[in-house]
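A quick write-up on the structure given underneath.
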Amino acid sequence: MRQTNRWTGVSGAALLALGLACGFAPAQDRTSDENAAGDEALAPASRWSLSLNLSSGYIGEGDLDRGPGDLDIFFAAASADLSYAIDRTSRITLVTSGAYWHYDFDGATGLIAGTSEPFSDLSVGGLGLVYSKRIDEHWSIIVGAHVRSAGESGADFGDTITFSAVGGFQYAFSDSFSVGLSLLVSSQLEDDVLVIPIPTIDWKIDERWRFASEAQVDQVLYLLSYKLNDQWNVGLGAGFYSQRFRLDKNGPVPNGLTDVFRVMVAGRAAYTPSEHVTIALTGGFVVYHDIELMNAAGGHLSSDEVQPAPMVGLSVGLSF
């Protein structure tokens with residue numbers, strides 16, 4: 001089996017993002033009276049919260065670097081997080097997510113002999129549970145577990161499953177600056193268990209500027225943003241996407257694997273018409289894009305890089 005240096009699927013990223021959003025809220029936002037009131041101060045209705053996110057996008061045509069052909073990609077994703085506040089300092093959250101990727105190869109005959117389309121429709125689905133707790137005005141912790149399926153249409157479902165667990169902490173130096181570190185332990189398709197640290201930061205530089213890390217399913221982003229007013233926010237960031245998929249059992253590489261890794265630089269404009277709705281438009285470039293194909297046992301077959309290409313995306317977030 002071939003070991004790679006990159007993260008082959010950040011399968012705990014959704015858990016981490018959820019912990020940051022739900023469990024690591026600055027302790028300074030609560031008063032000591034609220035903390036003393038504890039469990040009784042929470043009305044039953046206020047214990048529950050739900051957030052939904054829908055997104056889609058397109059990565060433009062890029063030529064393959066070492067072989068003939070080119071590639072463009074359409075994607076769509078959705079996630080839902082249902083959270084229950086146990087008390088004012090801790091909560092438990094159920095997270096579900098799914099994503100679909102359509103890889104449109106054209107004339108890519110250099111990856112696998114006899115075909116110009118080594119794979120096409122890839123999908124990811126996940127289910128996780130997270131517990132997060134604010135210990136005091138500085139320290140917060142998170143623990144969670146996650147199961148995921150990542151495969152091409154036609155792949156055997158049982159061969160697409162991976163499991164992961166994450167645990168971490170965040171330390172708030174003040175209500176405007178905090179740092180954290182989580183440790184992800186995850187199984188991989190036809191590879192050794194993956195153990196990686198995930199550093200996080202949230203720095204409110206002043207009333208308008210902010211630098212923060214964001215984690216989504218299979219993606220980590222570091223974003224510098226500027227608040228224009230109460231409704232508009234713009235930013236510039238860089239990040240990466242990484243995932244390993246099981247391929248169609250009847251495809252050109254039966255029961256094989258593909259690793260996808262890309263680095264992105266993009267700008268984002270977000271519009272928040274109300275506290276419950278956020279609409280964001282993203283545009284930028286995929287500056288590095290690598291694809292590797294492997295056989296059913298994880299042995300290397302071929303790989304190629306895609307030339308830099310433009311990308312655009314749209315997302316809608318709802319909270320209740």
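Just so we're clear, the structure is a prediction, and the values are computed from it rather than from any experiment.
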I'd like to know if the side chain of [X] and the backbone of [Y] have a donor-acceptor N/O pair within less than 3.5 Å.
X: Asn229; Y: Gln231; result: yes
X: Asp70; Y: Gly62; result: no
X: Arg148; Y: Ile161; result: no
X: Arg244; Y: Leu189; result: yes
X: Asp304; Y: Gly67; result: yes
X: Glu305; Y: His289; result: no
X: Ser274; Y: His276; result: yes
X: Thr115; Y: Ile112; result: no

* **Check: Phe211 ring centre within less than 6.0 Å of Trp203 ring centre** =>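 Ring centroids of Phe211 and Trp203 are no less than 6.0 Å from each other.
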* Determine whether the aromatic ring centres of Tyr103 and Phe119 lie less than 6.0 Å apart. => yes
Rounded to the nearest 0.5 Å, what separates atom [atom1] in [X] from atom [atom2] in [Y]?
X: Leu64; Y: Ile291; atom1: CG; atom2: CD1; result: 7.0 Å
X: Thr278; Y: Tyr271; atom1: OG1; atom2: OH; result: 10.5 Å
X: Thr258; Y: Arg246; atom1: OG1; atom2: CZ; result: 12.0 Å

* Check step by step if salt bridge (Lys or Arg N to Asp or Glu O under 4.0 Å) holds for Arg268 and Glu214. => CA-CA 13 Å; Arg268 183 170 71 183; Glu214 298 181 1; 2.8 Å; yes
* Please report the C-alpha distance between Thr160 and Ser149 in whole Å, then the side-chain angles of each, then the deciding distance to 0.1 Å, and finally whether the side chain to side chain donor-acceptor pair (under 3.5 Å) criterion is met. => CA-CA 5 Å; Thr160 68; Ser149 168; 2.6 Å; yes
* Is Arg208 positioned over the aromatic face of Trp232, cation under 6.0 angstrom from the ring centre and no more than 45 degrees off axis? -> no
* Salt-bridge criterion met for Lys249 and Asp159 (N-O under 4.0 Å) ->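 Not counted as a salt bridge, because no side-chain N and carboxylate O are separated by less than 4.0 Å.
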* Under-4.0 Å salt bridge between Asp175 and Lys204 -> no
* Asked: Taking the six-membered ring for Trp, are Trp139 and Phe169 parallel (under 30°), tilted (30 to 60°) or perpendicular (over 60°)?
  ->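 Trp139 vs Phe169 ring planes: tilted.
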* To do: Name the orientation class of the two ring planes belonging to His138 and Tyr171 (parallel below 30°, tilted from 30 to 60°, perpendicular beyond 60°).
  => parallel
* Asked: For Tyr58 and Asp72, does a side-chain donor sit closer than 3.5 Å to a side-chain acceptor?
  ->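 Per modelled atom types, Tyr58 and Asp72 side chains form a pair under 3.5 Å.
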* **Worked check of side chain to side chain donor-acceptor pair (under 3.5 Å) between Ser55 and Ser315** => CA-CA 4 Å; Ser55 63; Ser315 67; over 6 Å; no
* Could you state whether Val312 and Leu236 fall into the same hydrophobic cluster, counting links through intermediate Ile, Leu, Val, Met, Phe, Trp or Tyr residues with side-chain heavy atoms under 4.5 angstrom apart? =>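 Unlinked, Val312 and Leu236 end up in two clusters.
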